[in-house]
Amino acid sequence: MAATEYREEQMTGRITGLGSYLPEKLLTNDDLSGIVETSDEWIMERTGIKTRHIADHMKEVPSYMGGIAAQRALEDAGVSASEIDLIVTACSTPDKMFPSMACYVQKAIGNDGCMCFDVSSACPGWLVAFNTAQCFMESGNIRKALVVGTECLSNYVDWTDRGTCILFGDGAGAAVIEADETMPANKFIMHATSNKAECLTCESRMQPDRWEEEGFLKNTYFQMDGRDVFRFAVTEVPKIIKELSAKYEFDLNDVDYFILHQANARIIETIAKRLGQDIEKFPMTVYDTGNISTASIPNLLDRMKKEGKLKKGQKIVMSSFGAGLTWAANYIEY
Ligand code: ACO
């Protein structure tokens, strides 16, 4: 059993391993145009999404996908499961109400005894999980953590609503972070406002007394005011990134990559413009994954690593936004 003993050194974690999982089944824009009234041209122009991965719902549930992504991250880091002190998982679409998804990830990797819990903060959930793990590390309580994002959004999409079903996909991503004495302190900002909560919601179906209520079951699928969410993202993400650079005194021109939540290429392009930064610094996977919520940032990082784009010491800004409304940004050294 892994023992999480108190350690006195207070260190920040460096990402040392990355892993991801995407279901094999693909759903293209042309496939979607056979389900709802839409077209490849409309979806590409408004979102930049061409295809998305859709889970086999009998097998590729979030606990399963998160477990595989975590195993792959451990392999990539060269860390054994028993060395992990903490698993934090972010998931908005869990296949079990309890135990936590983190406990299933623990089982999948073969750890016994480490701390395990989930965080719920919609799409920025993976950044929230990352910052939570960093706080544990900086308090000197842990040395190695797994931070996982995993989602099966296709189960929560109304497949008759062309305004939402074109956007989302399924998948998981994970990172191993290890305490490193050469790392500067973790730099982050997280915000939430419930004033605009109604522009992105999904009610729990487990309220059987309400099933007869008019419109209730419809509300157990994604309900979104796309224009409001778009406006929120292109306003608040540039603002929080500027706030981050002012708070931690770094120059945005020195940032190697801006790793943004992969919701919509048009949102990312607008943010790049508003920050006055070259779009080449904003890598994207949204083209072939769609929006995979908490899994989007670790998934993108994993792909960049496999493509040889990540080098130790690079300066990276990560930022995400989602239901709540919530938004967050980090400035890290890779
Ligand atoms: N195909 C064809 N037409 C469509 C489609 C579609 N898939 N969806 C909507 N339309 C129609 C609408 O019915 C509307 O028609 P009308 O003018 O006759 O009424 C027209 O297109 C314009 O609709 P809008 O909703 O205004 O389209 P918009 O340009 O805003 O694009 C979109 C919609 C792509 C959803 C955009 O608003 C967006 O990307 N918003 C952000 C969404 C997002 O990122 N959400 C998730 C973030 S948080 C998280 O990850 C959970």
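Ligands are counted one by one from 1 in listed order, and the atoms in each one are counted from 1 as well. If you read the sequence from its start, that first residue is 1, and numbering goes on from there.
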Nearest 0.5 Å, what's the OG-NZ distance between Ser80 and Lys144? 7.0 Å

Starting from [atom], find the nearest protein heavy-atom neighbour and note its residue, name and distance.
atom                    : value
atom 40 (N) of ligand 1 : Gly226 O, 2.9 Å
atom 43 (C) of ligand 1 : Val229 CG1, 3.7 Å
atom 29 (O) of ligand 1 : Arg46 NH1, 2.5 Å
atom 48 (S) of ligand 1 : Leu200 CD2, 3.4 Å
atom 46 (C) of ligand 1 : Asn291 ND2, 3.6 Å
atom 5 (C) of ligand 1  : Trp42 CH2, 3.3 Å
atom 35 (C) of ligand 1 : Gly163 O, 3.8 Å

Using a 4.0 Å cut-off to any heavy atom of [X], which atoms of ligand 1 qualify?
X      : result
Asn264 : 38 (C), 39 (O)
Ile166 : 7 (N)
Phe321 : 47 (C), 48 (S)
Glu37  : 1 (N), 2 (C)
Thr47  : 34 (C)
Cys123 : 48 (S), 49 (C), 50 (O), 51 (C)
Ala263 : 44 (O)
Ile267 : 41 (C), 44 (O)

Tell me which one of His261, Arg162, Arg231 gets a heavy atom nearest to atom 12 (C) of ligand 1.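 The option holding the nearest heavy atom is Arg162.
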
Quick one: which of Glu151, Arg227, Arg266, Met224 has a heavy atom closest to atom 24 (P) of ligand 1? Arg227

So is there a nitrogen or oxygen of [X] less than 3.5 Å from a nitrogen or oxygen in ligand 1?
X      : answer
Ser293 : no
Ala323 : no
Thr38  : yes

I'd like to know if Asp228 pairs up with Arg231 as an ion pair, taking the criterion as any Lys NZ or Arg NE/NH1/NH2 lying under 4.0 Å from an Asp or Glu carboxylate oxygen.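 So Asp228 pairs with Arg231 through a salt bridge.
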
Is Asp76 salt-bridged to Lys305, going by a charged N under 4.0 Å from an acidic O? yes

Counting only heavy atoms from other residues, nucleotides and ligands, does the tally under 6.0 Å from [atom1] of [X] exceed 12?
X      : atom1 : answer
Glu307 : CD    : yes
Lys196 : NZ    : no
Tyr287 : OH    : no

Strictly less than 4.0 Å: does any protein heavy-atom distance to [atom] fall in that range?
atom                    : result
atom 7 (N) of ligand 1  : yes
atom 50 (O) of ligand 1 : yes
atom 32 (C) of ligand 1 : no
atom 20 (C) of ligand 1 : no

Minimum heavy-atom distance between Thr150 and Cys91, given as atom pair plus value: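 What the structure gives for the nearest pair is O-SG, 3.1 Å.
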
For the student: nearest non-hydrogen atoms of Glu203 and Arg210, plus distance: OE1-NH1, 3.0 Å

Qualifying residue, where the test is salt bridge (Lys or Arg N to Asp or Glu O under 4.0 Å) with Asp288 and the options are Arg52, Arg303, Lys50: Arg303

Any luck finding a side-chain donor-acceptor pair between Gln134 and Asn330 under 3.5 Å? no

How about Ser296 and Asn299: does a side-chain donor come under 3.5 Å of a side-chain acceptor? no

Does Tyr221 form a ring-ring contact (aromatic ring centres under 6.0 Å, His included) with Tyr156? I'd like the steps, not just the answer. CA-CA 5 Å; Tyr221 295 105; Tyr156 290 79; 8.2 Å; no

Take Glu333 and Arg14, measure what salt bridge (charged side-chain N to carboxylate O under 4.0 Å, His left out) needs, and give me the verdict at the end. CA-CA 8 Å; Glu333 184 184 302; Arg14 185 187 292 283; 3.4 Å; yes

May I ask you to check if Arg227 and Phe232 form a cation-pi contact, with NZ or CZ under 6.0 angstrom from the six-membered ring centre and within 45° of the axis?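 No, a cation-pi geometry is absent between Arg227 and Phe232.
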
